[in-house]
Amino acid sequence: MRMPFIDFLTNGDLKFVILLYAFLIAAILFFYKKMTHKEMQSIYNEKLNKLVNWSLSIALFSLLLGLMHSFYFISKAKGIASHLLFGGLSNVIITPVLGIAIAMLIKLLATPLKTENK
């Protein structure tokens with residue numbers, strides 16, 4: 001049984017998911033500018049690489065924050081059923097995986113374009 005793709009894209013910690021999608025939108029805009037202004041390609045590649053680093057940082061931070069919240073609520077409940085534990089931990093991992101996937105997409109957009117020398 002697999003998680004539906006729409007659930008993967010929309011579940012997770014909302015504040016981090018919105019931030020990651022904002023990074024993706026910014027990366028698409030920088031890529032468009034990179035395609036239209038080929039003489040400034042290196043500047044836009046630097047900006048895209050910064051977005052990759054930020055996406056990975058946000059992914060790691062969301063993982064740590066989600067684990068901290070999960071274990072905090074488990075300790076407050078004084079134990080928990082294993083099916084609830086694994087369900088909660090699977091939701092914790094959604095946002096970091098999304099962040100890594102978005103970072104990989106942005107990294108693809110940051111690859112230098114081959115220009116013809118005439």
Side-chain angles (χ1 to χ4, degrees):
M1 183 173 189
R2 294 183 184 178
M3 174 184 283
F5 188 64
I6 297 297
D7 286 347
F8 171 72
L9 293 177
T10 57
N11 284 350
D13 195 347
L14 185 61
K15 59 186 165 284
F16 293 119
V17 171
I18 290 172
L19 190 58
L20 288 170
Y21 284 135
F23 288 164
L24 182 60
I25 291 168
I28 291 169
L29 291 174
F30 286 144
F31 181 72
Y32 176 75
K33 288 180 181 181
K34 180 174 107 168
M35 295 298 291
T36 57
H37 306 289
K38 293 191 183 205
E39 66 277 352
M40 298 175 59
Q41 183 179 171
S42 62
I43 294 170
Y44 290 116
N45 283 339
E46 288 177 22
K47 291 181 180 187
L48 288 167
N49 283 325
K50 286 181 184 179
L51 283 174
V52 169
N53 292 336
W54 275 106
S55 295
L56 292 174
S57 299
I58 292 297
L60 178 64
F61 184 65
S62 70
L63 174 67
L64 296 175
L65 190 64
L67 286 174
M68 183 183 72
H69 283 154
S70 293
F71 290 123
Y72 173 77
F73 289 119
I74 289 170
S75 70
K76 286 294 180 187
K78 302 209 179 3
I80 195 163
S82 62
H83 69 283
L84 294 176
L85 172 67
F86 295 130
L89 290 178
S90 69
N91 279 338
V92 165
I93 296 173
I94 289 174
T95 309
V97 170
L98 180 65
I100 291 170
I102 287 176
M104 289 172 23
L105 287 172
I106 295 172
K107 191 64 178 173
L108 285 174
L109 297 176
T111 54
L113 300 173
K114 304 247 182 195
T115 57
E116 293 181 28
N117 293 332
K118 293 184 179 182

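These numbers were taken from a predicted model, which means no experiment stands behind them.
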N45 to A110 - nearest heavy-atom pair and separation: OD1-O, 3.0 Å
For a quick test of reading the model, state the closest non-hydrogen atom pair linking I106 to S55 and the distance between them. CD1-OG, 3.8 Å
Output the distance between atom [atom1] ([X]) and atom [atom2] ([Y]), rounded to the nearest 0.5 Å.
X	Y	atom1	atom2	answer
M40	F30	CE	CZ	10.5 Å
L51	L20	CG	CG	11.0 Å
K34	K47	NZ	NZ	13.0 Å
K15	T95	NZ	OG1	9.0 Å

Side chain to side chain, [X] and [Y], heavy atoms closer than 4.5 Å:
X	Y	result
V17	I94	no
K107	N49	yes
L56	V52	yes

Determine, using the 4.5 Å side-chain heavy-atom cutoff (strictly less than), whether [X] and [Y] are members of one ILVMFWY cluster.
X	Y	result
L19	M104	yes
I28	F23	yes
Y21	L109	yes
L98	L60	no
L64	V97	no

Go through the steps for L63 and V92 under the test side chain to side chain contact (heavy atoms under 4.5 Å, CB included), then give the verdict. CA-CA 6 Å; L63 174 67; V92 165; 4.1 Å; yes
Going by side-chain heavy atoms closer than 4.5 Å, which hydrophobic residues are tied to L108, directly or by a chain of links? none
Give the intermediate values and the outcome of side chain to side chain contact (heavy atoms under 4.5 Å, CB included) for residues L65 and M68. CA-CA 5 Å; L65 190 64; M68 183 183 72; 3.4 Å; yes
I need the full list of ring pair (Phe, Tyr, Trp, His ring centres under 6.0 Å) pairs touching residues 35-59, with sequence neighbours left out, sorted by first then second residue. none
